[in-house]
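Data block below; observations after.
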Amino acid sequence: AAQPVALAARFLSEAPGSRLAWPAGVAGVVAAGAVVSLLVVGTVTRRMRGWVTTAVAVGAFAVATVGPSIHAVIVLPSPVRDWRIVACDVGQGDAMLVRSGANRAIMIDTGPPGGAAADCLVRYGVHDVDLLVVTHAHADHNGSVADVLRRATVHAAWVPRLPDQVEDETSAVLAGAGVPTSSVSAGATMRIGGVSIRVLSPTAPRRPGSDTDINDASIATAIAVDGIAILALADLEHAGQAALARTMAPVVVDVVKVAHHGSARQDPALAARVSARIAIVSVGADNPYGHPAAAALTLYSTRASVVARTDECGDVVIVRRSTIGVISRCRATMAG
C-alpha cells in the first residue's frame with residue numbers, strides 16, 4: 001500500500017523545481033516566516049471569498065520562489081561555450097575543470113595515462129591551467145600530468161603534503177617542467193579570478209602505505225565559481241571521509257563529486273552532512289572494480305536531486321542558467 005506513495009515521492013523529488021535556492025541569513029528567515037504566515041491565513045480563512053484565498057496562495061508561492069534561481073544545471077550536447085564546471089570523461093579516473101577565465105581553468109586531477117584529460121582541455125578551449133590540483137599519487141588521478149603539461153601552460157600546482165623523506169614523483173615531474181608546486185593540507189586556500197578553492201582534508205601529512213592510506217591522504221576541496229558551490233571528495237575512503245565528517249559542518253552545495261568513483265566505501269555520516277543538486281560520479285564503463293556500487297548510488301540519490309555518471313553521460317557539464325537543463329542520455333533534468 002505504501003508503494004504508490006513512494007513512487008509519487010520519487011517522481012516529485014526529480015521533477016523540475018523540486019528544490020528551491022532558499023536565501024541564506026536574515027532574508028531566508030523573513031521569507032520563511034512570510035510563507036508560514038500566508039499559509040496560516042489561507043488555512044484559517046476558508047470561509048473567505050475565493051479570490052482572497054487565491055491571492056494568499058499566490059502570495060505564498062511567490063515568496064517561496066523569491067531569491068536566486070538555481071545555479072547549476074547539466075546540459076547536452078557538449079561542449080558548450082558557457083560552461084563553469086566540467087567533469088571530464090576520462091574513463092576510470094578523475095579529471096575536473098573549473099573555469100577561472102577566458103580559456104583558463106583550475107584542474108582537479110588529470111585522469112589515467114592516455115591523454116583523455118588533455119583532450120578535454122582542447123574540447124573546452126583551455127590553454128592555461130591556473131592551478132593543477134593532483135589529489136593523490138594514483139595513476140587514475142595523476143597518470144596524465146605530462147600530457148596536460150604538453151597541452152596547456154600550468155601556472156601552479158598543489159600536491160598532498162607528505163612526511164619528510166618521502167619521494168613524490170608527481171612533484172618531480174612538475175618541478176622538471178618549471179611549475180611552482182606547493183604541498184598542501186587542510187586550510188590551504190587560493191583565489192584565482194572568480195574562483196575560490198579551499199582544502200578540507202587531509203588535516204596532517206600522511207605516510208603512504210596501502211592504497212587505502214593513499215586514498216585517505218588525498219586532497220578534498222570546497223570550490224566556488226560564479227555562485228556555484230562544489231564539494232570535491234577525491235578518493236577518500238571510510239577513514240578519510242569519517243575524519244572529514246567530524247570537522248565539516250553540514251553544507252548545501254550545487255555539486256558534490258562523490259568520493260572514490262562511487263565505490264562501496266562511503267561514510268553515511270559524511271553523506272548526511274551534504275545536500276546537493278547534482279552528485280557526479282567519475283567512473284569508467286565496465287571497470288573491473290564494481291564502480292559505482294549500488295549502495296553508493298542509493299546513498300547519494302537521497303542527498304542530491306540528480307546523480308550523473310561519466311560512464312553514462314560522457315562529460316558532465318555544469319552551467320549557470322535560469323532555464324531547464326536536460327541530460328537525455330542520463331535521464332536527468334534540472335530546472336530553475
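Values below: all heavy atoms of this structure, side chains included; hydrogens, waters and symmetry mates excluded.
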Open item on the list: With rounding to the nearest 0.5 angstrom, report the CZ to CG distance, Arg277 to Asp254.
Closed with: 4.5 Å
Open item on the list: Keeping Thr110 on the side-chain end and Val145 on the backbone end, is there a donor-acceptor pair under 3.5 Å?
Closed with: yes
TODO: Not counting sequence neighbours, which residues clear side-chain hydrogen bond (donor to acceptor under 3.5 Å, both in side chains) with Arg150? List them please.
DONE: Asp147
Open item on the list: Checking Ala232 now: which residues fulfil side-chain contact (heavy atoms from CB on, under 4.5 Å) with it, not counting sequence neighbours?
Closed with: Thr221, Lys257
Open item on the list: To check you understand the geometry: which heavy-atom pair defines the closest contact between Gly284 and Gln92, and what is its length?
Closed with: N-OE1, 2.9 Å
- [ ] Report the distance from atom CD1 of Ile106 to atom CD1 of Ile192, rounding to the nearest 0.5 Å.
- [x] 4.0 Å
Open item on the list: Taking Asp89's backbone N and O only, do any of them form a donor-acceptor pair with Asp315's side chain (distance below 3.5 Å, no angle check)?
Closed with: yes
Task: side-chain contact (heavy atoms from CB on, under 4.5 Å) involving Val251 - partner list, sequence neighbours excluded - done: Leu231, Met248, Val253, Val274
Task: Spatial distance of atom CD1 (Ile214) from atom OG (Ser218) [nearest 0.5 Å] - done: 10.0 Å
- [ ] Please round to the nearest 0.5 Å and tell me the distance separating atom CD1 of Ile318 and atom CD1 of Ile278.
- [x] 4.0 Å
Open item on the list: Under the rule for side-chain contact (heavy atoms from CB on, under 4.5 Å), what residues qualify as partners of Arg191, not counting sequence neighbours?
Closed with: Ser196
Open item on the list: Nearest 0.5 Å, please: how far is SG in Cys88 from CE in Met96?
Closed with: 9.0 Å
Task: Arg265 and Thr212: CA distance, side-chain angles, deciding distance, side chain to side chain contact (heavy atoms under 4.5 Å, CB included) verdict - done: CA-CA 10 Å; Arg265 297 173 180 175; Thr212 297; 3.5 Å; yes
- [ ] Walk me through it: do Leu149 and Val173 pass the test side chain to side chain contact (heavy atoms under 4.5 Å, CB included)?
- [x] CA-CA 10 Å; Leu149 290 169; Val173 171; 4.0 Å; yes
Open item on the list: Between Arg198 (side chain only) and Thr189 (backbone N and O only), is there a donor and an acceptor less than 3.5 Å apart?
Closed with: no
Under 3.5 Å donor-acceptor pairs involving side-chain atoms of residues 130-140, not counting sequence neighbours:
residue : atom : partner : partner atom : Å
Asp130  : OD1  : Arg104  : NE           : 3.1
Asp130  : OD1  : Arg104  : NH2          : 2.7
Asp130  : OD2  : Ser100  : OG           : 2.6
Asp130  : OD2  : Arg104  : NE           : 3.3
Thr135  : OG1  : Asp109  : OD1          : 3.1
Thr135  : OG1  : Asp109  : OD2          : 2.8
His136  : NE2  : Asn215  : OD1          : 3.3
His136  : NE2  : Asp235  : OD2          : 3.3
His138  : ND1  : Asn215  : OD1          : 3.0
His138  : NE2  : Asp211  : OD1          : 3.3
Asp140  : OD2  : His261  : NE2          : 3.0

- [ ] Not counting sequence neighbours, which residues clear salt bridge (charged side-chain N to carboxylate O under 4.0 Å, His left out) with Arg84? List them please.
- [x] Asp226
TODO: Check the hydrophobic clustering (I, L, V, M, F, W, Y; side-chain heavy atoms under 4.5 Å; chains of links allowed) and say if Tyr289 and Val90 are grouped together.
DONE: no
